[in-house]
Amino acid sequence: MPAEAVIETRALSKIYRDFWGRQKVRALKALDLEVYKGEIFGLLGPNGSGKTTTIKLLLGLLFPTEGRALVLGKDATDVSKNERIGYLPEESYLYKFLNAEETLDFYGRLFDITPEVRKERIEKLIKLVKIERARKRQLREYSKGMTRRIGLAQALINDPDLILLDEPTSGLDPIGTREMKDMILELRDQGKTIVMCSHLLADVQDVCDRIAILHQGELKELGRVDSLLTVEDVTQIRARNLTDACQNELRDVIARHEGELLEMANPTTTLEDLFLSIVSDSEARPGRRVVGTAAKADGG
Amino acid sequence: MVLEKEVLPFFTWLLRGEGATFADGEGALVLFAIVVATVFVLALVGGFLVSLVRHGPIRAGEIAYNTIVGGVGELLRTSFRRVAALAAVAAKESVRRRVWVALVVFGLILLFASWYLKANNTQPARLYLSFVLTATTYLILLLSLLLAAFSLPADFRTKTLYTIVTKPVRAGDIVLGRMLGFTLVGTVLLAIMGLGSWVFVNGSLAHTHRVDIESLEALRSPDGESLGQRGLTSYDVYHKHDLTIDTDGSGVAEGAHSHTHQVTQNGDRLEIGPAEGFLRARVPQRGKLRFYDRKGVETARGISVGNEWAYRSFIQGATQAAAVWTFEGVSKSSLVEYADGGGEYLPVELIVRVYRSYKGEIERGIQGSIQLRNPDTQVKTNLRTFYAKDATIDSFDFANEQTSTDQLPITILEDLVTPDGRLEVIVQALDRNQYFGFAQADCYLRRPEGSPLWNFIKGYLSIWMQMVIVIAVAVTASTFLKGPIAMLFTVAFLVLGLNREFFVKIAQLESYGGGPVESAVRMVTGMNQMSPFDPSSAVSVMKGIDFVLAKMMLGLSYVLPDFSTFLGRVNFVAEGFSIPADALTRDLIVCLAYVVGAFVIGYFCLRAREVAK
Ligand SMILES: Nc1ncnc2c1ncn2[C@@H]1O[C@H](COP(=O)(O)OP(=O)(O)O)[C@@H](O)[C@H]1O
Ligand SMILES: [Mg+2]
């Protein structure tokens, strides 16, 4: 790939030790990775596979036991790289005694940006993550979803080039999840590089350009999502308003060409789509009970 | 007033300390440099050894190099903008954690004090001042300790630090931000407490009297001319005053319980004004003290020995024994104009500790004498006698015109002060078998007095400096220790600092019963402190360990803050003496040195720490 690498790890390893220096967990084993400018890179793996550890190593929150990580051309432990990085932790670790505005103002002040730009960004971000109504409330009163949103806003306060998201959709309802995914895609379209980790396959599949699959601290698979997921010997056809006759004709055509028909049926929609359509319907016509209409909604 | 140590002029203290020249290496600057160099080398060697064990020699070398080069570079990149942001959050955190409850507690303490402290003391100002100053000190130190020691560990625990260190924040910003934030909060609280204390002290001391009409008697000169009146005031708040009133009705209620009142005439009524002179800021010019023994032979010390600044020696009454102070730099500017314009006088003040070998007449006090003498020509003024009460300040105004012991008219400036400005004050006890006790600080020439309010503020400044040191040490401790442990560490630092002299004594193996291990052995075996051990290899090992421990303690004692000095400053205020500017500057520099030292150590500790561990 010709694009420039934003993140580069070389044999990056992490062993957690206890106070006495005894080995506890080998959380990451000799990871070699490259993340390129402008892509959404997904770290996928079951719980405890080392995703968070990787992200913390990239941020310098942990020191590598062996190997090294280069982020934006600098060593991961170099603080100055943080000028261009945004980070959303697993849970939002923010001061609960501040309100949303104070929070963004505080984190904004840690960067070298002018007060006017800071104010402007705070306004923009509060709108972007949709917490206008709660902007004056202390974070201790926030729900999980709202905390996640302010967490994301906080990560974007410096208009970063590289954004690291640890389980960005955890704790969000399906609408929040959808919005989060859309925001991630939008950020990519603005030319930012995004690294996210998740154990939710659907999330990763929806947004990531490339993924790495980790298991027990080892890299198992690495590549473009589309090519990894393409099943070479299967072709899928989806169509609307086919008559029975037409369907039979198709069967015949497939049989004639010695293909194997795997399935031809009416699809079920996903629960996510069902849920989203119910909610949007209910927002359009408040108060009305919605029963049985959603089945018509098509999974498109 | 007891002065533990001479207050050296600031630059003397900074450059040569007790030593004769800079080269003696006793100046504060040299000691500071030695401490810094030692800590630096120890930290470097220690850090290198730890990484050697963990990562092997090559990595260890690399880490050491990065720490020094990168570390120092980043230390310089500490930014005021970020420090200010972090300080503001630390301050906000304290406010949301309800630090102002401390003010409520302080209010309750004052309330309690107003009900509990009785002004039946002869020096009520001292009582009130030392109470509020001590209460403020302990309260503010406790508070700043709690704030500073638990904040950073809480951020580690709640992981809020993750979000901060992933911004371009240097470890130094975090450490300095905390120190600054808590100092800000502490300063505001301290200012409020100071204001409250000032109002409380003045309010508690405020009182007035009525004229006791029955006691008034007219004063007449031998030829029957009216000279005014004499009498007593009413008895209020445990005292009354003698009154002298001029023919025009103005007068004074004379000194009792260390204050006076003005008397004015309003129509045909005499009115007594508010109390005056409770709060003082005397500026003493101190001299050197030596003694004559009972045979009149000069000695460095009187009866009983000790440090002449800290301990009193005694002279016996009705013998040749005398205490002699030599003052330097006495000149025309040492004299004060009389209020009524009748010439000039030299104000001398004396504090006598009275030791009675028999009871005598307690109310009357013990008779003593005071004289001025020229140290070269030995010309002396006539004996001036006084009755000394224990531990009170006696003021003597020596008019410039005096009579010598040869009954010749002399003046202080021409006949008693030597050309190079020296003058002696001689004090003797006159009652047989009674004793006077003196320390060097007990006699002084009184210079023009400072403002009591400013002195009070200086007292609060010295509390403020203690607070800043505690905050700095606690924040630094919390970069590598958990909250409660960081607090204990700081408390240990404080307590050892308060008892620094004792600690140094143990470290120099000067105290009875040997070093720490030896004392423990003696205690456990119930052995007497003096009896020697039978020589054996176990005893040698014990002495060996003690020796090493003692050296370590001695090393530690160099970094302990001398909190007893700081507390001593508060005594100045309570006793009504101006805190010398030299002392204040020196304390400020010491405070700054601790902040800088703590900051650098805290920075490296935090930097070396894995935040997400
Ligand atoms: N601070 C820590 N101390 C010890 N072990 C840890 C620590 N953090 C994570 N681990 C262990 O490291 C492994 C990887 O954890 P993590 O990176 O959090 O996984 P993931 O984010 O993929 O769920 C797990 O086995 C976990 O228990
Ligand atoms: Mg994780």
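Proteins come first, then strands; the chains are lettered A, B, ... in the order of their sequence lines, and each starts at number 1.
Within residues 144-153 of chain B, no residue has a heavy atom under 4.5 Å from a heavy atom of chain A.
With respect to chain B, the highest number of heavy-atom pairs below 4.5 Å among A:Glu102, A:Lys81, A:Lys96 belongs to A:Glu102. If you tally non-hydrogen atom pairs under 4.5 Å between each of A:Tyr16, A:Tyr87, A:Phe97 and chain B, the highest count goes to A:Phe97. Of the listed residues (B:Val169, B:Thr163, B:Val611), the one with the most heavy-atom contacts under 4.5 Å to chain A is B:Thr163. For the set B:Val165, B:Val89, B:Thr158, the entry with the most heavy-atom pairs within less than 4.5 Å of chain A is B:Val89.
Proximity to chain B is limited to the side chain of A:Gln138, based on heavy atoms less than 4.5 angstrom apart. Contact annotation for A:Asp112: both backbone and side-chain heavy atoms come within less than 4.5 Å of a heavy atom of chain B. Only the side chain of B:Asp155 comes within contact range of chain A, judged by heavy atoms closer than 4.5 Å. The contact between A:Leu98 and chain B is made by backbone and side chain atoms together, counting heavy-atom distances below 4.5 Å.
The side-chain heavy atoms of A:Ile85 and B:Thr166, taken from C-beta on, include no pair separated by under 4.5 Å.
Shortest non-hydrogen contact noted between B:Arg81 and A:Arg109 is NH1-O, 3.0 Å. Contact record, B:Arg607 with A:Phe63: O-CZ, 3.8 Å, taken as the closest heavy-atom pair. Taking both residues in full, the closest heavy atoms of A:Val79 and B:Lys167 are given as CG1-O, 4.0 Å, listed atom of the first, atom of the second, then distance.
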